[in-house]
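Naming convention: chains lettered A, B, ... in sequence-line order (proteins, then strands); numbering from 1 in each chain.
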Amino acid sequence: MRIGDIAQRAGVSTRSLRYYEEQGLLASERTSTGQRTYPESAVERVRLIQQFFTAGLASRTIQRVLPCVDSGEASAEAFALLEAERARITAAMADLAAARDALDRMIDIAHNPTAEHCPALREPAWAPLESLAG
DNA sequence: GTTCTTACA
DNA sequence: TGTAAGAA
């Protein structure tokens, strides 16, 4: 398949695919005219690369991890890297959950305004100035 | 019409 | 990463 096909099927730009290749994440063959050619499996590989980027892995890290995907086994260093990334993602998930919980509390307050949380409810807007001064 | 490389924002 | 230019 040509670069445009892969891009469309994997949902990324052709620019990204060329970038991945430059970073050593994605291989391709060339036709006699220089156009890149990819096997069907490239689509799935690109999606995996996307997931890793989304999960916060650096391209350099992805570059070290992908060989494991290809070989089906990990060297000692690669294994340590996988565990480290897993731990980082787990921690990131906890942070996200905490942020979500905070938003949940804010949403709840927004739905049930109380004088404690909403200053605007403490002072009647229609109160005469004298009553405020006095 | 697509893709390629190179380069700039 | 997006986009532009000029060539294939």
Margin query: I'd like to check A/Gln35 versus A/Arg30 (side-chain heavy atoms, cut-off strictly below 4.5 Å). Are they in contact?
Written below: no

Notebook entry, point to check: Just how far, in rounded Å, is P of B/dC4 from CD of A/Gln35?
Noted result: 6 Å

Check: Nearest-Å distance, CD (A/Gln8) to C1' (B/dT3)?
Finding: 15 Å

Next item on the list: Please tell me which of the listed nucleotides, B/dC8, B/dT5, B/dT2, lies nearest to the side chain of A/Arg2?
Entry: B/dT2

Next item on the list: Pick base, sugar-phosphate or nothing for A/Ser16, based on heavy-atom distances below 4.0 Å to the nucleic acid.
Entry: sugar-phosphate

Notebook entry, point to check: Do the charged groups of A/Arg64 and A/Glu77 touch, with an N to O distance under 4.0 Å?
Noted result: no

Note to self: Could you tell me if the side chain of A/Leu57 sits less than 4.5 Å from the side chain of A/Arg88, heavy atoms only?
What the structure shows: yes

Next item on the list: For A/Thr33 and for A/Phe53, locate the closest nucleotide of DNA chain C by heavy-atom distance; then report the residue assigned to the nucleotide nearer the 5' terminus.
Entry: A/Phe53

Item checked: Atom of A/Arg45, atom of A/Leu25 and distance for their closest heavy-atom approach -> NE-O, 3.0 Å

Notebook entry, point to check: In whole angstroms, how far is the C1' atom of B/dT3 from the OH atom of A/Tyr19?
Noted result: 21 Å

Notebook entry, point to check: Could you give the OH-to-P distance, from A/Tyr38 to B/dC4, as a whole number of Å?
Noted result: 7 Å

Note to self: Looking at A/Arg2, is its backbone amide N or carbonyl O close enough to the side chain of A/Asp5 to form a donor-acceptor pair, meaning the two atoms are under 3.5 Å apart?
What the structure shows: yes

Note to self: Does B/dT3 have its OP1 or OP2 closer than 4.0 Å to a side-chain nitrogen or oxygen of A/Arg36?
What the structure shows: no

Item checked: d(CD1, A/Ile6; C1', B/dT3) in whole Å -> 14 Å

Check: Atom CZ of A/Arg30 and atom P of B/dC4: how far apart are they, to the nearest Å?
Finding: 6 Å

Item checked: Per A/Ser13 side chain, nearest of listed nucleotides C/dT1, C/dG2, B/dT5 -> C/dG2

Next item on the list: Mind calculating the distance between CZ (A/Arg18) and P (C/dT3) to the nearest angstrom?
Entry: 13 Å

Margin query: Need to verify one output field. Residue with the more 5' nearest nucleotide on DNA chain B, A/Arg15 or A/Asp5?
Written below: A/Asp5

Note to self: Can you measure A/Glu21 atom CD to C/dT1 atom P for me and round it to whole angstrom units?
What the structure shows: 15 Å

